[in-house]
Every structure is written in C-alpha cells, then in structure tokens.
Amino acid sequence: MLKGKNFLLKRVISCVLVCAMILGLIPQSVYAAPSEGTDTQKTYSSDGFTITYKEASAWDNYVNAEITLANDTDSAKSLWEIQFSYDGEIDSIWNADIKNHDDGTYVLEAKTYNSTIAAGQSVTLGFMAHGSSAKPAMPESITFADASASEDKKDEDTEGGDSEGTDTPEVIIPGQTYEVPEKWSGLNYAVFTSGDSNLSLYTGNTSISGSVHTNQDFYYQGSSIKIDGVLEASKGITIKTAVGSDSIQIGSKLEKADRIEMPDITEELTEYTSANGVCYDASTQFGSDSIIIDTSLYINGDAAFNTTEFMGQGIIYATGAVTYNAGSMSTANGSRLFIASESGDITINGSGISMNAVLYAPNGCVCINSNELNLNGRIIAKQVCINGTKVNINAGPCDLDMLDFIFKPEIDVAADGTKKENRRVSLSVQEIMNTEYIQKENTVWSITRDGEDAGQYYAVDEENSDYFHREMIFREAGTYMVSVTVTTGKVNYTVTKELVIEEDKAPCADFELSDKYFMRDEEGKTYVHIDDSSVSPDGDTIGRRVWTIYYDKDNNGEFDESEGTVISDENEAAVDYTTENVGRYKVSITVYETFDDTIPKLLTEDAYLHDDTSGKAVSECVFEVGNEAPTAALDIEKSKSADIVFTVGETDADTMAVYTEKADELKTLLAENGIDAKVDAVSTSTYTAQDTFAWKEYGHYNCDGYAEHIIYEEDAIKMIGYYSSPKKDFLYIANDNPGQKTFEFDLQRDNTDWHSMEGGGFLFNTTVSDDDNYIKGFCILVTRSGLKLVRIDCDNLQRFRDGGVEWVQNVGQLLRTYSIPNLYAEHHFKIVVDSSTISVWDGDTLVIDNFVLPENDYGYGFGPITSQAWHDCWQRSYFTFKNITMETMTGSSLSDIVDGYDWRAGVSQTKRY
C-alpha cells in the first residue's frame, strides 16, 4: 500500500513539473540539476574574511554565481574590492560593479550602499556568466584587491599613541564622495559632539570605523573598544576596560585638540526638504510595520515613529524632537536615511537596531537605547548618549551623498597676462573643492562694467577657449567684474572677481635737430642729422617711425602737405638728410607702438596707437640751409673818452686783483687807440653756502610694505619706489630768491630694471602749493633714455603725487633729453641756475650749457625728486641722494650799479653798454 502511494506521488510530481515546463514557468536548462559528483561551491580566505563562491544554477555553458564576503574580523571594511582569474565572460552583475577586466582577471568593487562590511556581517553579490564551450570553472582563488596592504597593517600596534608632537592623522573617511568645507569639518567624523557635556560611553563592546571628536572629555567604560581612526578630545581621554590593554585598539589619540564648531546646515536642510519633500505643518506620528521613504519629509514640530523597518532613501527633518520606538528596527539593503532634528533630541529605543543612517542633532542629544546597535553612518550632535551591549558605528564614504545639494563646488577665477587695453588676458577657472560633479558644458561666464554687459568692450578667441578657460582681449580700459557660474545640476556656485584693465597710452613723438642753421659745403650739399627722442609713457616698443621733411620751396613761410617727402619709414631712430637747396625745412615724425602680448586676429585697425609732432612748436621743427654762416654785428659809437664798468659776483681778494689787473690792461689798450678810459671792476653779489636743509616731505606712508618711502641714512637720502603705480616723491624748500644758485649732489640708481622707474633728479625754480593744489616749475631727471630737462605745469598736486601721472612731462613739456654714460653709476651733478637759464655738469662734463628756460613766473623752490613708472610686479626701485649742497648769489641789478656809479663829468652824454 505504501509502495503504491509512493509511486502515485512520484507520478503526480512528474506531471506537475512537465506541465510547468510546457507552460514555460520553469526554463528547462536554467533549473537543470548539476551532474552527479560536480562540486558547486568553493571557499577561500583573504584578509580575515571567508569568501564563498557558489553556483546557484548552471545550464549549457552558462552559470548563475554568487560570491559571499563574510567579515570574520572585529573591524569593519570599507570600499572593498575583490579580484580573481576567471575563464568566463560576465554578462550581468548585481550588488557590485566591474571595475576592471584584463587578461582574464576581474576586479569587482562595492556599490555605494554595501561598501562597508561591519564586523560579523556579510555581503553577497552575484552575476551571470558564460564560457566559450562549457560553463566557467570556479576561480582558483578570490582575494581582496588590497589584501597585501591589509596584511601589512596587521603588524602595526593595535593601540595608537598620543599624537602630540606628530602630524595628526587624516580624519576624513577614505573615498568620501564630497570634500567637506572647513566650516563644516565636524561632518567628517563618525561620532562628533560639540556641547559642554563629556562624551561618555558605557557599553559592552564598541567598534567605531572612522574618527571621533568631542569638545570636552572622552570617557569609556566597558569590555572593549576599537576606533580605527583618530580619537580627539579637547580635554582629556579616559578608557577603562575589564579585560586589559588588549581590549583597547585606537588608531591614534589626540588630547587637548582644538575645539571644532558644530556644522550648522539647518538652513540648507530646511530650504531643501520644505521645497522638495512632503511637508507636515505640525507634530506628526508615523505608525506602520514598514515605512517607505521615497522623498524627503519636513515636519514642523516633533516626529514620532513606531516601525520595524525603513525602506528607501531620503531625509527626515523635524524642527523639534525625533523619536523611534521599536522592538527591532532596520533599513533594507540599499536604503539610507539622513535623520535631523533642528532644535530637539533624537531618541531611538529598541532591542536590536540596525540602520543605514546619519543622525544629526546640532542643538540636542542623540540618545540610543539598544542591546545591539549596528549603525552604518555617523552621529553628529551636541551630545551623545549610547546604552547597549554591542555597538558598531561604521562611517562610510557615501554617508553624505544625500546632502549633495549643500556641497557646492568651490572655484576661483585667475587672470594672467598683461592687464592693459588690447593685450592678451587669460581667464581660467581654478578647481578648489567638490568640482568633479560640475557640468562644465553648463558653465556661464558674465563680464560686466558699471553693472552693464560689457560685450562690446572685449573679444574672445573662441578657438583657443573652452568651458573653463577664456583667451581674450579688452578693447577699452576700465574696471570689469568677471563672474563664472558652475552647476552640478542640483546646486550652483558663482565666483566674481574684479579685473582692472589699464589704459594703453599713445607714444609721445619728438626729435632733436643737431642744429638750426646749416651751410652747404664746397660741393653745394648740406648734411642734416636728426635724432628721434620719442618715448612710450607705458613702456611699449616703438615699432614704426615715419620721417617726413617739408621744404618751403615758395619761401612763403608755410609748409604745405604737398611740399612733404617721406625720407624714411623703416623705423630708424636717427636719420641723415642730404639736400642741395637753400631755404627753410620742417621736420615731422610719426611713431607707432607695437606689442607682442596680444591676439592679432582680434585687434581692430586702430589698436596700435601712434603720435606725431604736429603739436611741437614750429620753431623747434624748422632748420635753415644757407650759403654762409650768419653773422651778428654791433655798431658802437666811437668816443674820445669812455667810462667802463664790469661787474663780478662775490669773490675773494686774489680773484678781484686779477680782475683789476685786466681792467688796467684794457685801459692801456684803449689809451693806445686814443681813448681816455676809466675802467673799474665792481662786486655786485652776496654769497651764502648751505649743506643742511629743512625739507618738507611729499612722500607716501604705510604703503607697499614700508612705513616711509623717504629714508634718511646719515648724509644720504634714499627714495624707495612702489609695487605698481607711478607715484612721485620729493623733498621741497620754498625760496623767493631769483639770484643764481649752485646745487651739487651725488645721485645713484639701484641695479633693478628700469621698467618700474621713470627717473630721479632735482626740482628747481619750482613752487608747490598745498592750499591751491598745484606744482609748477622745472626739474632734471636721470632716466633710461638719458638726462631729461622737463617743465612741470600741473594744476592737481594730489594726482601728480599719487600715481595719476605716468611721466612728469605728461603735465608739462619735455624740453630736451641729454645723453649721459652709465646710468647705474654714481653721478656727481652740479646745477647752476638762475631765473632764466640752467647749466648742468655730470662730474667734469658739461651736459647742459646755459639752456634758456621758457619764460615763466613759477618761483625758485627746489629739492630732490623721484618718479615711478606703471608696472605690474613686486619690483621696487630706488635712488640715493648724498652730499646735497647749495650756494646762493644775491646780487644788485645792473641798473642799480649803473645809476650808483661815480661817472665822470660829461660821460652822461656818452653811450653806456
């Protein structure tokens, strides 16, 4: 009877299976049983883990395989990777990703949701694969890709020492998706408390993967504790275990650590959850065996949960307290929560708690009462209280991924190149933090000036630019605001930088004639030499010079364009002109700047600035060619008697005796020619000498790293320059004496390049008025082009001093430039000047010979001066003045001498010269 029943049962089962196969409910090949005696499972060991490979099913040359990674150690493992040689091809995979496949070797890596395997826990992954002719064989070995590094770590001490005196280990979780800004650095810890209460743990066994920080004391009492990161306490650390030191495993300890402020992200959380989640206007209770979180929750009040399982992924944010009551609670595989209380506590009560969550209570306490706690996440709170027998907290690299909306990418904008009109400027985005998720193709550039779009003022070289880089020129000077906005698709970040583009200054055209009158030689030719003295105020190169000579062939005093001839356009700095025609000629030069630091294809026709000498006084541009040298004659009426007086300045007795002897010789000579002469030498001047001066300083203070830029060093005065702007510094003494003055001083330039300095020299015949804000007068300046003689006529003293004027001649007139040797040597200058003329010696060499100054009423003040130049670097040049002396001659006028002289009777009828 039993046998019949068994036979009937087998027949029924067979019919059911056949029907199922016919209906397609069970694929015949998928569920075919392995051949008898075939091994379908193999076990391996690596890095303290038991790894099991299992053939769940196989058919033809296909296999469904599962690999289980069981953590037999007492610490968590994060960001795991396994590798094995395999003779099959994986067609699909779950619970892992293929990182690499090369020469038959596979490297598989964790998913974000299972990247941390806690102590005593396991992870299972699976895949379907096929072989070329048969199912793939089981791997000979399966190991962790970082097994060798892990084995080395076993040899290290299990309890770290104090970190005082050594570099503090990194507290950031390895592989963390986002870089946390410094202001929120507390988020980097597995456990973080910021309040005034100690962080005290009374648990049986505690394992924390990550670092711990408290702003107070850390106290632990229990069976064992393991922290594989840094244990930091702003005060002290106390650990007590019943088993002994072997039960304490701390990566490293740091007492008296710096306090860290609580990372306050409540504003960001409120804004995000209220805008993107389900909102509850009052305190709410949630009751269900299983709660699915598929979006964020915002509760304006307290939140209470009575559940055993959370599923999904999202943020739970309550303005008040958050409470969980459950016998046991877990989050399903692949689920992750961020639970936050703005102003209250987070309390979790249960017998067994297993959660994938970050608990955030910036103004309250996270209190967990559970016999066993497995938290894959972090606790960030003002205070933490955990009561339980077994506590595992495992901070993972993906804990903060749900907060991607707060991790704004940080960038900066750098500007390189010459920041001047029509020069190449390179703008580049510098990636600082959390930039790997930026959608570069959605980068937005904005350039404005005075709040308006500045597109008309710049041009971009699109061919050599990309999302994060701009090659461009600015066609007009000004202050521009450059803004770059980047996005991750969820959050935007904008950085704005000020960019100042300087004006490109036109060159100043000028030249010097070797003479004003030329004679033809025996062959009837004249050779005229002309030197270019043009300068570029901002240091650009003069790339083209066009010389034109106009000949007044009609001799009508006018020079028409039709009378002009271009004699050179080959950028010659000096020309020699030959002519056979007598008459008047006018010289003209046009100079054009050039520069290489630009993008030629973006330039307009007028980008290269130019200047000509059309504004130069005609008298300074004209020379004359004649047949013989001009002569000057003076017809003196003859007289039978003459009284002759010649005056001399203040002098000593010996010199005066020489003058008297010469007067007697002249009297004898005149007598031989029948003239009764009275000849006298008369002293007219009072002499004074001075080598100390009560200078009034016109300097700049607490500027560019110096408290003062005019520095007195014994008998020397050093005038130090500036980083960029063309400031003018000078010393000044007012003077109302129009008589002759003789200044002597030593002057030396430092050895830096001339691009930062126009020159240094001496003011004379000058008035400086603070009340009326002007400076008017003259100066000599040692410059890179030689010794300049300059007239100053500036109605804005402040602008002149503070860098609003590039070259001194820009507010006056360059009268002439004289060549002097070795500009870096120490020069001894002697200046002899009166109200209308100046002569200058460089050592024994007469450089300026009795130059007649333009008519003026500027005054007679004086003092040393330096003039800086525009530049964009850290160079600061200087001049040193030494041994400044002055001699002054105060004399009577010639009319006073003539009227007061004891003339002989009848002489008044004679001529006086």
Side-chain angles (χ1 to χ4, degrees), residues 111-116 173 176-178 180 184 187 263-326 329-348 350 353-362 364 366 368 374-381 393-408 437 488-491:
K111 290 283 193 181
T112 57
Y113 55 79
N114 64 1
S115 61
T116 298
I173 304 300
Q176 187 163 283
T177 305
Y178 294 102
V180 176
W184 295 338
L187 295 176
D264 185 2
I265 57 174
T266 55
E267 182 178 344
E268 290 81 1
L269 289 170
T270 299
E271 181 179 351
Y272 179 81
T273 55
S274 60
N276 299 280
V278 177
C279 298
Y280 297 86
D281 294 333
S283 297
T284 305
Q285 288 193 0
F286 300 85
S288 175
D289 290 341
S290 178
I291 295 179
I292 299 175
I293 304 295
D294 56 4
T295 186
S296 296
L297 301 181
Y298 175 82
I299 301 100
N300 187 18
D302 297 336
F305 294 86
N306 299 293
T307 186
T308 57
E309 184 179 42
F310 282 98
M311 299 181 65
Q313 181 166 302
I315 299 172
I316 299 174
Y317 184 81
T319 60
V322 179
T323 304
Y324 293 83
N325 293 301
M329 183 170 61
S330 65
T331 50
N333 285 337
S335 298
R336 184 171 293 278
L337 301 175
F338 189 96
I339 302 170
S341 168
E342 180 179 322
S343 59
D345 299 335
I346 298 176
T347 303
I348 300 176
I353 305 296
S354 180
M355 301 181 70
N356 300 327
V358 174
L359 308 179
Y360 174 66
V366 170
I368 301 176
N374 289 297
L375 177 68
N376 294 319
R378 310 179 190 192
I379 301 176
I380 313 295
I393 300 173
N394 305 301
C398 305
D399 293 339
L400 306 177
D401 283 5
M402 282 181 293
L403 305 182
D404 55 3
F405 58 90
I406 73 168
F407 293 117
K408 297 181 179 180
Y437 299 103
T488 63
K490 293 186 177 181
V491 63

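The two residues Ala381 and Gly364 come nearest to each other via the heavy atoms CB-O, 3.9 Å. Residue Gly301 comes nearest to Ala318 through the heavy atom pair O-CB, 3.4 Å, listed as atom of the first residue, atom of the second, then distance. What you find for Ser341 and Gly320 is that their closest heavy atoms are OG-O, 2.5 Å.
The distance from the CG atom of Asp302 to the OG1 atom of Thr323 is 7.0 Å, given to the nearest 0.5 Å. Note: Ile315 CD1 to Arg336 CZ = 13.0 Å, rounded to the nearest 0.5 Å. Between the CH2 atom in Trp184 and the CD1 atom in Ile380 there is a gap of 13.5 Å [rounded to 0.5 Å]. Atoms CE and CG, from Met402 and Leu337 in turn, are 6.0 Å apart once rounded to the nearest 0.5 Å. Note: Asn374 CG to Met355 CE = 12.0 Å, rounded to the nearest 0.5 Å. Between the CG atom in Asn356 and the SG atom in Cys398 there is a gap of 11.0 Å [rounded to 0.5 Å].
Aromatic pair Phe286/Tyr280: centroids less than 6.0 angstrom apart.
Side chain of Ser343 to main chain of Thr319: a donor-acceptor pair is present (N/O by atom type, distance under 3.5 Å, no hydrogens or angles). Put simply, the side chain of Tyr360 gets close to the backbone of Ile265: a donor and an acceptor are under 3.5 Å apart. Although no hydrogens or angles enter the test, the distance criterion places no donor-acceptor pair under 3.5 Å between the side chain of Asn276 and the main chain of Thr273. Distance alone, capped at 3.5 Å, places no donor-acceptor pair between the Arg378 side chain and the Ala357 backbone.
Looking at Asn300 and Asp281, their side chains never bring a donor and an acceptor atom within 3.5 Å of each other.
With contacts defined as side-chain heavy-atom distances shorter than 4.5 Å, the pair Leu187/Leu400 qualifies. The shortest side-chain heavy-atom distance between Thr488 and Phe405 does not fall under the 4.5 Å cut-off. You'll find the side chain of Ile316 reaches within 4.5 Å of the side chain of Ile299, heavy atoms only. Inter-residue side-chain proximity for Asn376 and Ile393 is flagged as unmet; no heavy-atom pair is nearer than 4.5 Å. Two residues are said to be in side-chain contact when any heavy atoms from C-beta on lie closer than 4.5 Å; Leu403 and Phe338 meet this criterion. Between Tyr272 and Glu267 there is no side-chain heavy-atom pair separated by less than 4.5 Å. Taking the side chain as every heavy atom from C-beta outward, Thr266 and Tyr317 approach each other to under 4.5 Å.
Test Ile346, Val366, Leu359 against Val322 for side chain to side chain contact (heavy atoms under 4.5 Å, CB included) and you get one pass: Ile346.
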Practice item. Begin from the C-alpha positions of Thr270 and Tyr298 and carry the test side chain to side chain contact (heavy atoms under 4.5 Å, CB included) through to its verdict. Key: CA-CA 8 Å; Thr270 299; Tyr298 175 82; 4.0 Å; yes

